[in-house]
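Labels below follow one simple rule: chain letters A, B, ... track the order of the sequence lines, proteins then strands, and each chain is numbered from 1.
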Amino acid sequence: MLPKEHRLRHEKDIKTLFAKGKSVFGVQIGLKYRMNSLSTTRFAIVVGTKVSKSAVVRNTIKRRIRAVLQKHLVEIKGGYDVLFLTKKELVGKTFAEIESMVVSLLKKTPIL
RNA sequence: UAGGAAUGUCGGGUGAUGGCUCGUUGGGGUAACUUCCAAUGAGAGGAAAGUCCGAACACCCUUUGUGUCGCAAGACACAUUGCAAAGAUACGUUGCUAACGGCAACCGGGAAUAAGAUUCAGGAGUCGCGGAUCUGGAGCAAUUCGAUCCAUGACCCCGGACUUGAAGCCCAGGGAAAGUGCCACAGAGACAAUACUAGCCCCGCCUCGGCGAGGUGAAACGUGAAAAGUGGUGUGAGGUUUUCAGAGCAGUCGCUCUGUCAGCUACACAUCUCGCGCCGUGGUGACACGGUUGCGUGGUAAACCCAUGUCGGUGUAAGAGCAAAUUUGGUAGCUCGCUCAAGCUGUAUGGCAACAUACAGCGUAGAUAGAUCGUCGCCUCCUUCGGGUAGUGACCUGAAGUAGACAAAAUUCGGCUUACAGACACUUCCUAGGAC
RNA sequence: GCUUCUGUAGCUCAAAUGGAUAGAGCGGCAGCGUCCUAAGCUGAGGAUUAGGGUUCAAUUCCCCACAGGAGCA
């Protein structure tokens, strides 16, 4: 799990991010980002019921994305809000596959 | 010992390293918190799930009482009450429980099966007794051995039939004799049923072949899931199917008659059973058993309904506190509620059991867009593929997958229901056989 | 977290106070038709979400599960 200062927690922030953020999409995963007024970068991950009906599957996906972010937290620049969107094709992927996807996606943005 | 059934328990272990959440201790920082650092401890389930029930807890409503304030209307505080109207209801009995549509034991009912018993002039076999036949063998002979045929007894195996029938399984398991509704098609008739019509007889009227009244028609065969409460048994007289035997006819297949084991159908009579009522005995009770010169009213209440009992409402997003922009109130936000609990483990006692009581020990997640994870090892369990010993099974061994099934707390508990790789206990009950 | 509704052929809809063969259109299949295709005509097949119960009889009534949708916040 990420430290608290790196979590995007309030519904209001997520709503503004959805409305005003910029988007980058891959095949199985998407991303929205926006500059904030803080010095740290905050993350949120969305895995809806449409991805999988099982709570076990959804939670593993969330945990693996968090683990990737934590691994690369040192390289990430501060001052952004980031929201990850997931699609159904992500079910059953291993940790290494998710890691390469997330990293390549972040490299398209100014964050990494 | 063999077979059948029910039940309970578990659902990885261990190590390194880097993180996350919470508790404790120490230190830093602050007006005070939020917070930072270090050490140390803990960190998903048997179903956390579905949300089908119940309870705790909180607030609101309601009943009643007391107190305070008030001239009064009334307001506030504390305690107390919960079916009265409407509505809902899933209800055998006794117990357990905080409560329950839960659990335990018992009662009643239902469908079916195993084993066993009964039976069969069904099939195959073994053994025995009797009779007949043989130019059969042995022997001089009596006799004996053997073969074939007939009749008959016992045992065993297989198969069929009917009745009986265990543990276990299933039951929304009060009332159809309070009332209403429904019971298609078929049928005279679907609840106190025998109709209607043609035809026939007779009477009356008139327009003379029509109308009206009465009788007859009339059997209850059959239809149907169900036909007037219900279904067995016995006796008598039948019908029909089949097995076998005998006789006759025919002349190779067959037909007829008589007797007979069994099955089906069905009439009359007798008797019993079933249900309701009453009486007696046993049981806390549901009920059971016995008696009876009583009565005989189809099914459906998971159709409406009736009787008896139960249920006030909303839900932790309940609610309590602090409180910015903005003075009160309140909003955003934060804190509490939030984990010691109708708790777990063990022993003893009571109880058939569910469970209760006593003593001792333990202290067992608490997040909030929501922690419980990432990487790398080892050990067993398991799966797949291959090799060896080898008739299979089994054992040994190698490689790959690397705990592999169902699935993740969200106020907390008690249940129910549903999903589930695999492992264990071998506990209880029933049937049959054997030994003592 | 809570409340509530729906489920019928491949698709879109019927049938309803329980009564027997569950119906229609479109689509797919086969045949006719045509030089070939299309139109048209004919025919067959195909379903009550799964399981259990009540009843003489269940798509309909009841229970439970599964799937899908809607609402509160």
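Within the shown strands, nothing qualifies as a pairing partner of B/A48 under the Watson-Crick or G-U definition with both distances less than 3.5 Å. Under the Watson-Crick or G-U wobble criterion, with both distances below 3.5 Å, B/A270 is paired with B/U233. Here B/C420 sits opposite no nucleotide as a Watson-Crick or G-U wobble pair (both hydrogen-bonding atom distances under 3.5 Å). Within the shown strands, B/G404 is the pairing partner of B/C381 under the Watson-Crick or G-U definition, both distances less than 3.5 Å. Across all strands shown, B/G363 remains unpaired; no Watson-Crick or G-U wobble contact has both distances below 3.5 Å. Look at B/C289: its Watson-Crick or wobble partner, with both distances under 3.5 angstrom, is B/G280. When Watson-Crick and G-U wobble pairs are counted only if both distances are under 3.5 Å, B/U197 pairs with no nucleotide at all. The nucleotide B/A353 finds no pairing partner, because no Watson-Crick or G-U wobble arrangement with both distances shorter than 3.5 Å includes it.
If you take atom P in B/C322 and the same atom in B/U331, they sit 12 Å apart, rounded to whole Å. B/A288 and B/C276 have their P atoms separated by 9 Å, with the value rounded to a whole Å. B/G102 and B/A90 are spaced 13 Å apart, taking the C1' atom of each and rounding to whole Å. When the P atom is used for both B/G298 and B/A190, the distance is 15 Å, rounded to whole Å. Taking the C1' atom of each, C/U54 and B/A425 are spaced 41 Å apart, rounded to whole Å. Separation of the C1' atoms belonging to B/A105 and B/G45 is 32 Å when rounded to the nearest angstrom. Taking the P atoms as reference points, C/C2 lies 15 Å from B/C413, given to the whole Å. Only the C1' atoms considered, B/G285 is 6 Å distant from B/U93, to the nearest whole Å.
B/U260 adopts an anti glycosidic conformation, its chi angle falling more than 90° from 0. The glycosidic torsion of B/G46 lies within 90° of 0, placing the base in the syn range. B/A44 shows a glycosidic angle within 90° of 0 and is accordingly assigned syn.
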Where each pair must be Watson-Crick or G-U wobble with both distances under 3.5 Å, what dot-bracket representation of RNA chain C is obtained, with crossing pairs in [ ] and other-strand partners as |?
-> (((((((..((((.....[...))))..((((.......)))).....(.(((..]....))).)))))))).

